[in-house]
Amino acid sequence: MNPRLEKTRQKLLEEGLDAIFISQAENRRYLSGFAGTAGYLLISIQDAVLATDFRYTEQAAEQAPDFRIIRISGDMDGWVPALVLDSEIRKLGFEASDISFSVFKKLSGSIEKTGKGISLTPTEGIVDRLRAVKDTREIENIREAARLADAAFERCLSVIRPGITEKELAWEMEKFMRQAGGDAPPFELIVASGSNAAMPHHRPGSREISRGEPVIIDIGANINGYMSDLSRTVYLGQKDKTFDTLYNIVLEAQQAAIDNISAGRTAGDIDGYAREIISGAGHGEDFGHGLGHGVGLAAHEEPRIGPGSSTVLEDNMVFTVEPGIYINGWGGIRIEDLVLVEDGRAAVLSHSEK
Ligand code: ZN
């Protein structure tokens with residue numbers, strides 16, 4: 001018995017659905033084990049179908065033993081009706097946040113063609129919420145990915161020098177991770193130097209790093225499809241006066257959040273501990289993003305750790321704690337660690353020095 005499939009079916013019963021049509025890539029992989037890049041799942045109480053095209057049917061049969069594999073081609077009209085025609089499905093859920101309007105029109109058109117009066121019902125986050133709580137194997141992969149990001153940061157410290165460009169430094173780290181056995185990183189590694197560091201998601205460019213300015217390094221590693229996320233802020237030579245002041249505020253905010261993580265508390269509460277310190281220091285407006293996000297098959301997933309988030313933290317959730325302060329024209333500071341909720345408390349998976 002596949003526990004992920006069973007939990008999904010439980011959710012279907014709770015929501016009064018007969019089946020769910022899964023289109024979101026990580027959800028497809030999570031539920032089926034199939035790591036290909038195209039395909040859909042149809043999960044009902046009685047059945048589990050993985051529909052994919054000829055490029056993937058063999059791989060799907062190997063990776064998704066709990067699913068009936070159906071080979072599809074062309075428009076949804078060509079295969080969706082056959083999938084639901086002989087079933088008991090009357091109320092079919094779909095992933096509202098994933099499906100585009102044009103795919104929705106095709107899906108509903110082909111469902112209508114069956115003439116069985118099947119109703120399509122939007123759902124939100126059914127599988128995403130299951131994914132937020134990791135199992136032992138997932139945690140092992142994430143730990144490994146966190147170790148790889150730490151090693152890449154060490155590599156960064158050994159090659160960073162005045163005159164190296166952001167792009168060169170990002171590539172040194174990416175190359176290092178690939179050679180160490182990592183898969184393609186989940187996002188373009190961030191090297192944001194000087195005033196570029198005021199942009200939380202700056203793309204590394206040809207700017208040369210110089211002495212005395214903040215450099216934000218943000219590294220995502222990937223081991224067996226599981227991600228990690230790590231940020232540090234460094235400087236070369238003499239830092240300017242602002243650096244220490246802001247760095248200590250951000251560090252204190254991060255520590256307060258980590259110290260207060262406990263199972264049963266809401267994500268919004270934890271965000272509040274960090275935000276209060278940054279606001280108290282007069283920089284509330286300069287911390288414009290959430291405190292963190294879940295990490296797993298995707299680098300950004302549930303739970304979202306932000307103001308007002310009512311998600312209750314549970315054991316075996318993995319997420320980042322990454323307060324930051326960004327000042328236009330000067331640059332920014334971000335410190336990001338990956339944490340696991342373990343025995344009710346936070347276990348920090350990132351070990352790079354701060
Ligand atoms: Zn992050």
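As the structure lists them, so they are numbered: ligands from 1, and atoms in each ligand from 1.
- Atom OD2 is the N/O/S atom of Asp229 found closest to the Zn ion (ligand 1).
- A salt bridge does not link Arg232 with Asp218: every distance from a Lys NZ or Arg NE/NH1/NH2 to an Asp or Glu carboxylate oxygen is 4.0 Å or more.
- Salt bridge status for Asp135 with Arg4: present, with a side-chain N to carboxylate O gap under 4.0 Å.
- In terms of distance to the Zn ion (ligand 1), the nearest N, O or S atom of Glu322 is named OE2.
- Put simply, the side chain of Asn222 gets close to the backbone of Ala184: a donor and an acceptor are under 3.5 Å apart.
- Looking at Glu336, its N, O or S atom nearest to the Zn ion (ligand 1) turns out to be OE2.
- The pair Glu144-Arg147 counts as a salt bridge, with a side-chain nitrogen and a carboxylate oxygen less than 4.0 angstrom apart.
- Here His300 fails the criterion, with no N, O or S atom under 2.8 Å of the Zn ion (ligand 1).
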